[in-house]
Amino acid sequence: MRLNAYLARAGIASRRGSDDLIKEGRVKVNEELGQLNTYIHTGDRVEVDGEPVAAQSLVYVLLYKPWATVTTARDPRGRRTVVELVSAVPERIVPVGRLDADTTGALLLTNDGPLAHRLAHPRYGVEKVYEADVEGEPDDAALRRLAAGLELDDGLTAPAEVRRLAPSKIELTLHEGRKHQVKRMCAAVGHPVVRLHRSRYAGLTLEGLEPGRWRELEPSEVNRLSLRPEPPPR
Ligand code: URA
């Protein structure tokens, strides 16, 4: 792992902040000055300002994101951030992907950078299940259009699974995650979203969690996420 990622995972600073520490000559690896391109291997001794740095263990948290919280690190409008909601976790964990401020539901946070990168990468097609309350009552033709793929301003959406849960409520299972995707898809078929909830992320459900609460993943759940098959080469 790169030195800046190692320092970030150890909670010393963000990756960019760690780069600054390295450039300022405050980081040593095995008694030598660390460089921006230094890689850390098991057993290496890393020090910042002469103090040894202990690598943090990897943490995986599933949060039931409540309404009116933001997935960014800070909000200029002063809304609560999801990172604040998990502040009892001592490690520096960050959300995997984003949910809109007014979307509720399953959000994974971790300090496992490589796994977060894989899960968020469109090539891996992680399954996301959304429940959308919408304006009006979408008919079968609208559901078929949502399922088949729609032309949005950033291109055609991939095929999705779509179910009617109630006259004005639909469930969409997507394997991609573009910005505001569900809202844009529903608006494109004439049924803007009134309320959006993610009930499932990569097979993880919110069972047993209340809005605003979180739990650590079981080792078996982490294994299942980590062992996701590689996508076929394109
Ligand atoms: N699609 C959206 O429109 N918003 C979200 O928060 C997630 C998916």
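Excluded from the calculations below are hydrogen atoms, water molecules and symmetry mates; all remaining heavy atoms, backbone and side chain alike, are included. When a ligand or atom number is given, it counts from 1 through the structure's own listing order. Throughout, residue positions are numbered sequentially from 1 according to the sequence presented.
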Asker: When you look for heavy atoms under 4.0 Å from ligand 1, do you find them on the side chain of Leu196, its backbone, both, or neither?
Answerer: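 Just the side chain.
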Asker: In the protein, which heavy atom is nearest to atom 4 (N) of ligand 1, and how far is it?
Answerer: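 The protein heavy atom lying closest is Asp100 OD2, 2.7 Å.
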Asker: Hey, which atoms in ligand 1 end up nearer than 4.0 Å to a heavy atom of Thr103?
Answerer: 4 (N), 5 (C), 6 (O)
Asker: Please check whether Arg98 reaches ligand 1 - meaning an N/O of the residue sits under 3.5 Å from an N/O of the ligand, judged on distance alone.
Answerer: no
Asker: In Å, rounded to the nearest 0.5 Å, how long is the span from CD1 of Ile22 to CZ of Arg2?
Answerer: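 It comes to 9.0 Å.
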Asker: With respect to Val182, determine whether any N or O atom, backbone or side chain, lies less than 3.5 Å from an N or O atom of ligand 1.
Answerer: yes
Asker: Does a side-chain N-to-carboxylate-O contact under 4.0 Å join Asp140 and Arg164?
Answerer: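 Arg164 and Asp140: salt-bridged.
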Asker: Among Leu146, Leu165, Val193, find the one that has a side chain to side chain contact (heavy atoms under 4.5 Å, CB included) with Ile170.
Answerer: Leu146
Asker: Whether the side chain of Thr157 engages the backbone of Leu150 through a donor-acceptor N/O pair (distance < 3.5 Å, no angle test) should be reported.
Answerer: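 Side chain of Thr157 to backbone of Leu150: a pair is present.
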Asker: Out of His180, Arg184, Met185, who is nearest to atom 3 (O) of ligand 1 when you count heavy atoms only?
Answerer: His180
Asker: With a 4.0 Å cut-off, would you call Glu161 and Arg163 a salt bridge?
Answerer: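 Salt bridge absent between Glu161 and Arg163.
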Asker: Roughly how far apart are Glu218 CD and Leu62 CG, rounded to 0.5 Å?
Answerer: 11.5 Å
Asker: Going by the atom numbers of ligand 1, which of them fall below 4.0 Å from some non-hydrogen atom of Tyr130?
Answerer: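 By the 4.0 Å cutoff, the relevant atoms are 7 (C), 8 (C).
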